Amino acid sequence: MPELPEVETIKNELLNWVVGQSFIQADILDNKLVHDNSVEEFCNRLIGQKIETLERRGKYLFFYLSNGQSLIMHLRMTGALLLNPGEIDRYARAVFHLSNGTQLVFSDRRRLGIVWLDNAQSVIDKLGPEPLDERFTPAVLEQALARHQIPIKAALLDQSIVAGIGNMYADETLFAAVIHPLRTTDTLSDKEIGTLCQAIKKVLNTAIDSKGASVDTYIRPDGQQGTAQSGFKVAHRKGESCLTCGTSIERITVRNRGTYFCPRCQPETT
DNA sequence: CACTTTGTTTCCAC
DNA sequence: TGTGGAAACAAAGT
């Protein structure tokens, strides 16, 4: 479930604990967590490295290491990074020990997350623009959308078009922008793209202010849950009343993704 | 057992 | 080669 706001929250809460510290030990409890490299090679390359900076791009978390490589974490659905938890729960897949005594526990109920060591740039190069960057303007969004003729919902989920938006925030964004999820990118007016650009920033920033969301699985590094889900207006609200007009929220499938919207506020035709 | 959840990958048609 | 769409896959909950 960690999408951009969740990963940003994790980054912010870990920042002061990890930057400047070194990895002194890594207990890999689930070998499947380590992508590409063998566990042994992974640990050998990681141990002793100092963390220069911590950064988020899209849904990825990067620990920039002193050797120029990065420890890259992709939390996917249920991955969480816990800061000095009292005990190691049964969902823990790895425990990272830092030089200041900090323990980072990668906990992941469905074991879908992955970590690996690589050049951060090779991952970032595949991502579209960062929606919270001030350089992310309607013109940038328009250019990113112009190469495609696909439903706008699918476009928002394509990480090479815009980085960091997942299924729930895509629905929230389209509701805020008053755009039907099946409208294709080539039918959007300049005005609608401007509204959409604003909606993306607003929805993501609001969620970050709420310290991240998710329906039930997102856990912050301090073990607390985020609260943004209580602010969801359409996501996972099938059959409930639209908070704007009272119409029953509908659920359709777009690109095999559950998609929630208000049929009255977000008409398919303009 | 069927279906849902999210994000990515793989496969296929054009 | 690129583009779009469908399906597969991961794991666990209902």
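Proteins come first, then strands; the chains are lettered A, B, ... in the order of their sequence lines, and each starts at number 1. For clarity, every value in this text was computed on a predicted model and none was experimentally measured.
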Base, sugar-phosphate, or nothing for N167(A), non-hydrogen atoms under 4.0 angstrom?
sugar-phosphate

Between K59(A) and dT8(B), is there a side-chain N or O to OP1/OP2 distance below 4.0 Å?
yes

L157(A) CG to dT9(B) C1', in whole Å, measures 15 Å

Distance-only donor-acceptor test (3.5 Å): side chain N256(A), base dA6(C):
no

Would you mind checking if R135(A) and E130(A) are paired as a salt bridge, meaning a charged N to carboxylate O distance below 4.0 Å?
no

Calculate the interatomic distance between M168(A) atom CE and dT4(B) atom P; express it in whole Å.
18 Å

F261(A) ring center near H180(A) ring center (under 6.0 Å):
yes

Between Q49(A) and S66(A), a side-chain donor and acceptor under 3.5 Å:
yes

Look at the rings of Y260(A) and H236(A) and say which category their plane angle falls in: under 30° parallel, 30 to 60° tilted, over 60° perpendicular.
perpendicular

Name the closest nucleotide to the R251(A) side chain, picking from dT5(B), dA6(C), dT8(B).
dT5(B)

Step through it carefully: locate the ring centre of F232(A), locate the ring centre of F175(A), and say whether they are under 6.0 Å apart.
no

Can you check the R147(A) CZ to dT3(C) P distance for me, whole Å?
7 Å

Whole angstrom is fine here: how far is it from CD1 in I114(A) over to P in dT8(B)?
9 Å

How long is the line joining CZ of R255(A) and P of dA8(C), in whole Å?
16 Å

Where the side chain of Q266(A) meets the backbone of V178(A), is there a donor-acceptor pair that is under 3.5 Å apart?
no

Less than 4.0 angstrom between a side-chain N/O of H236(A) and OP1 or OP2 of dT6(B), yes or no?
yes

Assuming nearest nucleotide by heavy-atom distance, tell me which of Y260(A) and H35(A) is located more 5' along DNA chain B.
Y260(A)

Tabulate atom names and distances for all N/O pairs under 3.5 angstrom spanning the protein and nucleotides 10-14 of chain C.
residue, atom, partner, partner atom, Å
dA10(C), O3', K32(A), NZ, 3.1
dA11(C), OP1, K32(A), NZ, 2.4
dA11(C), O4', R110(A), O, 2.9

